[in-house]
Amino acid sequence: MVHGVPSSHHQGEPLLMAGVITEITSYSTARGHVLVTQGYTRLVTYGSLVEIEDSEDPSKRYLAVVSDVREKGILPSIDQKALEEIIRTMQVKGVDPQRVSDVLRELAFPGVQRQYGLREVDLQILGEVERSPKGEVALRFHKRPPRPYSRIKEAAFDLLNGLTARDCSYLVLGSHYVVDGALVTLNPQRLTMHLAIVGQTGSGKTETVKRIALEYYVRGSGRQNPRTLVIFDVAGEYLGYPYRGPAHSRAVPLLEALLEPTKYICEPRSHCGSVSPPTLERLTILVPYDPSKTGLDEAHEKAYMQRYKQLLDYVNGKLATLGRAAGSVLFGRHHIYTLTSKGLQVIGTFDAWNSILNSEYLVIALPLPDALTIDEIVEISGTRSEYVPVLLRSAANALGLLEGNTIAGITFLFELFELFTHKRFSGRFKDLAEKIVNAIKDLTNKALSKGASSLDSKDIRILLDDAVCNSLYLQTCRSVQGGSRPTGKSLKRSTHYYNIDAWLYYLTLPLWKGWANIGKPPFDPASPQTVLAALKAIDPIKEAEWEKAMIDRFADFEHIVGEWEKATQAATLNVLRKASILVAPTLNHYLYREVVKRFLEKGVTFTLLAPPSTGATEFSVARMLDEIFAEAVEEYDPQAPRMTLLILEEAHNLAPAKKEPPTKSGVLRIAREGRKWGIGLVLVTQRPGFVDPDVLSQAATLIALRTTNPEDIASLRRSVESVTSELAERLPDLEPGQAIVSGLAVPERRVPLLARIAMLGSHQEICGSGPQQGPP
């Protein structure tokens, strides 16, 4: 039907369209003439689907798409036999003789007010329609094209819906622009082959993404292998914060739709049962930020963390509909914080880990962890030295900090390099290691004699101060947290500052590794009780091995670094200094992986790149993409594959064609290899011409909204397989909210679909009226 007008025609009812094939131009193309009622011209426009009834065998039906349309003038322009066939079609349809006479008069005399128009059409034959005895519809390759003078008629609703909406698990994108009520759907399993959504500003890209995200998550919930969703939200349009949209806009934030999906999900197909959409079982809001831009001292850090209160208040306002509230874990350089009714509070590592593991709804401030790959360190610093990466690898390996290509303890390595270059510390690394080992022994003995409950963090600080500072033989030595060091006039040359968090992490690194292997909760390096409990669990043999390894590693480090020229030593120290101000010593490699595991296991994650996110976050996003891929590979289960959909807004900035930002390699790797591990990409951009063609070419499905830039259109034709020349030519003519959908995720991939997107704020106008039912 079209706007409520039935497709079938009865005696005396107006004819909507009737046509005939006049020429077979190739195996898969044809030309014909069509009469169409004024007011229903969209039945015969670019992208319209029509059915062809073969002139020799009426039982043989074909489906074709209109690839070009030309308005025709007076009667002599039409073939005599074709005209007779059109009139015969009208008579078969039940059009009375007077109406046939009116049509002929209108065609012959263009001066009169017309009710019918004549159009010449070019058709792309998609295949032969096959119907099973049960009424199921399929499209197969045709062995021969239809014969000349075959009839052209409107594609029936049941034909199109049978091809595009036959599976209840498919995502409802909207309705067909021509065949009203026929749904346009996507196969979610094929989204792992990646999807590109392109269109200029105002075309409806964001609303299209919201519809796909809602359908993907809700229709996947309750299944054996739940789907997870990760959205890189550049302006906060999906979260609804800080971007709110124009006051007159009907746009609905995706978060709101996910919390109340019954209001926004499209009505299910008639043959599909309905169930109530699930409650959002896990929500994670990640805020990457650059700690060097928040102020390196503790006071500035606390002031920055207070900014998360507005975000948390907004999220809890939305969660109030469920009677729930979100928590927060805010990783800083000095401390880990949380926001409570009492304000900003400092918490320990164990509390942070517990929240990451168990909280249903959580806001996380996420800087770079205190663990970077050597490539990341080089890229952050901008060094061009070929020797610095070699020295970094050798030094980290000597200390036991190297895990693959990752240095687990950037701050600690920086501090040791700084000590090495100190003139008064030459040759004292073995002495330092021995004093640290003795300090740990003293602390353990004190715990055994007095009980761990009698200790506090000062005990650890005092013993480490003694160990480090006595080794330095300096007048003044002080431990600090977060790497906050005095600068300028306040920095005394006789005073050494070291980061206690970084040293504690290194001293207990074997225990962290052991916890990661057995999956037990981590101890808290800031808590003497948990540190001592872990240390006391080491048997005497392992304790002796640990003591010897500690002393040997410090000695090896000093020997290896000492073999290099002072210029390379200084360059490496400078590289580490630049990297160390971008990481948080409170966030080690193991905790960071727990964050990634959290949002890949289940639920929806918004990665907010708008305020309170601040500074250059491209390194944080790049690291997140790398960890997502690594975790997906590590946790892949072929018996129960997990599906994760990554939505990348502004893909032209993350993977540009002519630049090499840190994010590009991660996007390209997921685009090339993510499908094998259950990761699908949704590339969203208004400038496809600026997206790296290697990335864009991996998108097996395209949703193209209005695009007018010739370079962007040409880029789509070069990079995306499903973009034909006819499709590309029509992109500038689309209205806001209209899209051409093509590719492997379309249920019948040979049928490109002209869709009206069911936007969240106006979906009832497109995919049903009245209260919306739940998905299958």
Side-chain angles (χ1 to χ4, degrees), residues 186-198 212-213 216 220 225-232 371-376 379 403-406 589 592-593 595-602 605 607 618-657 659-685 688 691-703 715 718-722 743-745 749:
L186 296 176
N187 182 345
Q189 300 297 326
R190 291 181 178 174
L191 291 183
T192 56
M193 300 179 187
H194 313 314
L195 164 67
I197 301 176
V198 303
I212 291 172
Y216 177 85
N225 306 321
R227 301 168 187 162
T228 56
L229 189 63
V230 183
I231 305 153
F232 288 81
L372 300 174
T373 66
I374 294 174
D375 293 337
E376 285 174 325
E379 191 166 12
E403 297 181 10
N405 196 43
T406 298
H589 181 59
Y592 191 88
R593 288 298 294 269
V595 174
V596 176
K597 286 180 181 179
R598 169 190 168 85
F599 64 74
L600 288 184
E601 283 177 355
K602 59 182 178 179
T605 299
T607 302
E618 61 266 25
F619 291 108
S620 292
V621 173
R623 180 56 176 272
M624 200 175 301
L625 291 170
D626 290 342
E627 291 288 350
I628 287 171
F629 182 82
E631 180 66 19
V633 172
E634 186 175 320
E635 297 296 325
Y636 181 75
D637 181 0
Q639 302 302 319
R642 187 170 56 192
M643 287 183 61
T644 299
L645 194 65
L646 301 185
I647 297 175
L648 303 184
E649 266 283 353
E650 308 290 355
H652 53 277
N653 291 331
L654 296 175
K659 298 180 181 178
E660 297 295 328
T663 52
K664 186 173 179 178
S665 61
V667 175
L668 187 56
R669 181 188 300 139
I670 294 174
R672 287 174 174 170
E673 304 175 43
R675 179 184 63 82
K676 294 181 291 188
W677 313 111
I679 307 176
L681 278 180
V682 178
L683 304 166
V684 188
T685 179
V691 178
D692 185 278
D694 287 342
V695 172
L696 197 58
S697 65
Q698 300 299 318
T701 303
L702 173 71
I703 299 178
S715 174
R718 288 193 303 268
S719 303
V720 183
E721 182 182 1
S722 61
L744 292 182
R749 63 184 181 84

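Here the structure is a predicted model, which means the values were calculated and not measured.
- Across every non-hydrogen atom of Glu649 and Phe232, the tightest pair is CB-O, 3.3 Å.
- Within the 4.5 Å cutoff, the side chain of Leu195 has heavy atoms near those of the Ile212 side chain.
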Original post:
Could you walk me through whether Arg669 and Asp626 pass the side chain to side chain contact (heavy atoms under 4.5 Å, CB included) check?
Top reply: CA-CA 9 Å; Arg669 181 188 300 139; Asp626 290 342; 3.3 Å; yes
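- The shortest distance between side-chain heavy atoms of Leu625 and Leu646 falls below 4.5 Å.
- Rounding to the nearest 0.5 angstrom, the gap separating the CD atom in Glu635 from the OG1 atom in Thr644 is 11.5 Å.
- One finds a salt bridge joining Glu660 and Lys664 here, because a Lys/Arg side-chain nitrogen approaches an Asp/Glu carboxylate oxygen to under 4.0 Å.
- Residues Val695 and Ala655 come closest through the heavy atom pair CG2-CB, 4.0 Å.
- Between Val682 and Leu191, the closest side-chain pair of non-hydrogen atoms is not below 4.5 Å.
- Side chain of Thr685 to main chain of Ala651: no donor-acceptor pair is present (N/O by atom type, distance under 3.5 Å, no hydrogens or angles).
- For the atom pair CD1 of Ile703 and CD1 of Ile197, the computed distance is 4.5 Å after rounding to the nearest 0.5 Å.
- What you find for Leu696 and Ser715 is that their closest heavy atoms are CD2-OG, 4.0 Å.
- Considering only heavy atoms from C-beta on, His589 comes within 4.5 Å of Glu627 through its side chain.
- Between the side chain of Arg642 and the backbone N or O of Leu600, at least one donor-acceptor pair lies under 3.5 Å.
- Residue Arg593 qualifies as enclosed at atom CZ: its count of foreign heavy atoms under 6.0 Å is above 12.
- Inter-residue side-chain proximity for Tyr216 and Leu186 is flagged as unmet; no heavy-atom pair is nearer than 4.5 Å.
- Atoms CG and NE2, on Leu702 and His194 in that order, are 14.5 Å from each other to the nearest 0.5 Å.
- The nearest pair of heavy atoms linking Trp677 to Ala632 is O-CB, 4.1 Å.
- Arg672 places a side-chain heavy atom less than 4.5 Å from the side chain of Asp694.
- Atom CG in Leu648 sits 7.5 Å away from atom CD1 in Ile670 (nearest 0.5 Å).
- Across all their heavy atoms, Arg227 and Pro188 have their closest contact at NH2-CG, 3.3 Å.
- One finds the NZ atom of Lys602 at 15.5 Å from the CG atom of Leu229 (value rounded to the nearest 0.5 Å).
- For the pair Arg623 and Glu376, the salt-bridge criterion is met [side-chain N within less than 4.0 Å of a carboxylate O].
- When all heavy atoms of Pro661 and Leu654 are compared, the pair lying nearest together is CG-O, 3.9 Å.
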Subject >> side chain to side chain contact (heavy atoms under 4.5 Å, CB included) evaluation trace for Tyr636 with Lys676 >> reply: CA-CA 9 Å; Tyr636 181 75; Lys676 294 181 291 188; over 6 Å; no
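- One finds the NZ atom of Lys659 at 13.5 Å from the CG atom of Asp692 (value rounded to the nearest 0.5 Å).
- No side-chain heavy atom of Thr701 sits less than 4.5 Å from a side-chain heavy atom of Arg190.
- For the pair Pro693/Arg718, no side-chain contact is recorded, criterion being any heavy-atom separation below 4.5 Å from C-beta on.
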